[in-house]
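Labels below follow one simple rule: chain letters A, B, ... track the order of the sequence lines, proteins then strands, and each chain is numbered from 1.
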Amino acid sequence: MILFTLAAEFFKIGFFSFGGGYATIPFLYHLSEIYSWYTLEELTQMIAIAAITPGPVGINVATYAGLQAHGIIGSLVATIFEVIPSFVLVIIISKILKEYRTNFYVKSIIETLKPISCALLLFVFIGLLKSNLHDYEGLLLLAVLVLISLKSKKDPIFYMIIAGTAGIILPLFS
Amino acid sequence: MSLLELFLTFVKIGAILLGGGYVILPILQNEFVDKKNIITQDELVNYFALSQSLPGIVAANISMFIGYKLQGKTGAIIALSGIIFVPFWSIVILATVLNNIINVPIVQNFMWGIEIAVMTLILLTTREMWQQADKNAFFYIIFILSLAALLILKLSPIQVILCISVVGILIKIISRRFNK
């Protein structure tokens, strides 16, 4: 039964997520609230591992979520069902390439999805901020990382090494 | 290009694909346009734009377009299986290791920092999407409506997409009528 739910949820994610690797995260965040597959804390671990593993983040995090929900079979089901919607669309659209991109309704949907995706991700950030940060060290570290990012663009792994090391060192002084 | 060759090429691409899906464009360019010469530059750019305008994962979408172009439906499936092959097993192994050591205190402290790094990444991605978008009145209206639907009405992401898309398309249709 859990495999059916998993397949249905990831099929929906594959169909509704739009705009790059992190676009699936709002949906996974929502799943952590309605199922007991993984906690919100585990979700951040999943994102971290997905970001530093080779391959598309959106696929990696689905693999991980499936694994947490129902082992290897779960990760296969989640991964496969997440890509089925776009597989079908790629097959259809390969045949009507030109008409698709210039279609008024397609353009309107894409233009609408951009601000929605921004809002969805910002909502995840607000949610994580509320549930994760009860200490001022955490807020301070977040501020430092954001400041570094304003100076220059860095690889995801850079932030993880800095923040993970800070997590190990900070308790030594308190 | 045989199916086996197609599969192995995408296995290789999946293994070296680090730092998000967008890195895939230069890699594909190198493999299929420059080295093998079986996809033209124009086709590749077109596939990339299409992949971004489709739901799902951009890197998976563009791999399927190339696979489909070269070997039809089977090609699309083979390309996709190839690109997720190394990532899939890496995740399974890393997750299993992490689940076994997560209760060690030093790992816990490390993960405390990782959570904050992930929050930073999410914020940065939001900022990147924000910067790349055309910020006209339409953008702000839809953005604020979506945020309100999430925070105040507590709708799920799918509900937000369904409801707000309808609003967005209606606005587009109405403004097209006015412009005529």
Side-chain angles (χ1 to χ4, degrees), chain A residues 12 14-18 20-22 26-27 30 44-45 47-49 53-60 63-64 67 72 83 85-87 89-90 94 108-110 112 114-125 128 132 138 141-142 145-146 149 155-156 159-160 163-164 166-168 171, chain B residues 14-15 17-21 50 53-61 64-65 68 73 76 80 84 86-88 90-92 94-95 106 109-126 129-130 133 139 142-143 146-147 150 156-158 160-161 164-165 168-169 172:
Chain A
K12 282 195 272 178
F15 190 76
F16 284 105
S17 65
F18 174 87
Y22 284 78
F27 301 93
H30 182 64
T44 51
Q45 290 164 19
I47 299 168
I49 298 288
T53 310
V57 176
I59 303 257
N60 289 350
T63 307
Y64 203 144
L67 192 76
I72 283 207
V83 293
S86 41
F87 173 74
L89 287 169
V90 164
S94 287
S108 302
I109 293 176
I110 291 167
T112 312
K114 283 180 183 168
I116 297 179
S117 306
C118 276
L120 285 172
L121 264 185
L122 188 62
F123 176 72
V124 173
F125 177 76
L128 287 174
N132 276 1
L141 181 57
L142 180 67
L145 294 182
V146 171
S149 79
D155 228 50
Y159 299 104
M160 289 183 200
I168 293 175
Chain B
L17 191 63
L18 272 164
L50 279 167
S53 66
L54 281 182
I57 315 301
V58 177
N61 293 351
M64 290 192 285
F65 272 118
Y68 185 78
K73 282 182 197 135
L80 183 68
I84 64 176
V86 172
F88 183 87
S90 314
I91 289 284
V92 170
L94 273 173
I106 196 163
N109 289 341
F110 188 76
M111 291 316 287
W112 172 88
I114 293 293
E115 275 173 31
I116 293 161
V118 167
M119 291 174 67
T120 312
L121 289 178
I122 290 177
L123 193 62
L124 294 185
T125 314
T126 316
M129 282 168 121
W130 181 270
F139 180 92
I142 298 295
F143 176 75
S146 312
L147 212 51
L150 287 162
S156 77
I158 291 176
V160 171
I161 289 175
I164 308 286
S165 301
I169 292 163
K172 286 282 175 191

Review point. What heavy-atom pair brings B:Ile169 and A:Ser108 nearest, and what distance separates the two atoms?
Key: CG1-CB, 4.3 Å

Review point. Does the side chain of A:Pro56 reach to within under 4.5 Å of the side chain of B:Val58, using non-hydrogen atoms?
Key: no

Exercise for review: Find the one option among A:Leu142, A:Thr63, A:Val90, A:Ile47 whose heavy-atom pairs under 4.5 Å with chain B are most numerous.
Suggested key: A:Val90

Study note, to complete from the structure: Ranking A:Ile59, A:Ile49, A:Val146, A:Ile72 by heavy-atom pairs under 4.5 Å to chain B gives rank one to A:Ile59

Point to revise | Proximity breakdown for A:Ile168 and chain B, heavy-atom pairs closer than 4.5 Å | key: both

Point to revise | Side-chain touch A:Cys118/B:Phe139, heavy atoms, less than 4.5 angstrom | key: yes

Review point. Considering all heavy atoms of both residues, which atom of B:Ile122 and which atom of A:Val124 are nearest to each other, and what is their separation?
Key: CD1-CG1, 4.0 Å

Review point. What residue, out of B:Ala95, B:Ser90, B:Gly168, has the most heavy-atom pairs lying under 4.5 Å from chain A?
Key: B:Ala95

**Study point:** Nearest-0.5 Å distance that lies between atom CZ in B:Phe88 and atom CG in A:Asn60
**Key:** 10.5 Å

Study note, to complete from the structure: CG of B:Asn61 to OG of A:Ser86, rounded to nearest 0.5 Å, is 4.0 Å

**Study point:** Spacing of CG belonging to A:Leu141 relative to CD belonging to B:Glu115, to within rounding of 0.5 Å
**Key:** 11.5 Å

Check your understanding: Does some side-chain heavy atom of B:Leu150 sit less than 4.5 Å from a side-chain heavy atom of A:Leu120?
Key -> yes

Study note, to complete from the structure: Heavy atoms of A:Gly167 and B:Trp112 approach each other most closely as CA-CE3, 3.5 Å

Check your understanding: So which heavy atom on B:Pro87 is nearest to which on A:Thr53, and how close?
Key -> O-CG2, 4.2 Å

Study note, to complete from the structure: Scanning both residues in full, the closest heavy-atom pair of B:Ser165 with A:Thr112 reads CA-CG2, 3.8 Å

Practice item. For each of B:Val160, B:Leu124, B:Val86, tally heavy-atom pairs with chain A at distances under 4.5 Å, and name the one with the top tally. Key: B:Leu124

Exercise for review: Side-chain contact test, heavy atoms from C-beta onward, threshold under 4.5 Å: evaluate it for B:Ile158 versus A:Phe15 and give yes or no.
Suggested key: no

Study note, to complete from the structure: Of B:Ile91, B:Thr126, B:Ile161, B:Leu80, the largest count of non-hydrogen pairs under 4.5 angstrom with chain A goes to B:Ile91

Practice item. List the steps and the verdict of side chain to side chain contact (heavy atoms under 4.5 Å, CB included) for A:Leu67 and B:Val92. Key: CA-CA 7 Å; A:Leu67 192 76; B:Val92 170; 4.2 Å; yes

Exercise for review: Output the distance between atom CG (B:Leu94) and atom CD (A:Gln45), rounded to the nearest 0.5 Å.
Suggested key: 12.5 Å

Check your understanding: If you count heavy-atom pairs under 4.5 Å with chain A, which of B:Ser156, B:Ala60, B:Ala133, B:Ala76 comes out on top?
Key -> B:Ser156

Exercise for review: Under 4.5 Å, counting heavy-atom pairs only, tell me which of B:Ala15, B:Pro157, B:Gly14 racks up the most with chain A.
Suggested key: B:Pro157

Review point. When rounded to the nearest 0.5 angstrom, what is the spacing between CE in A:Met160 and CG in B:Leu121?
Key: 5.0 Å

Practice item. Measure the spacing between CE of B:Met129 and CG of A:Leu122 and express it to the nearest 0.5 Å. Key: 11.0 Å

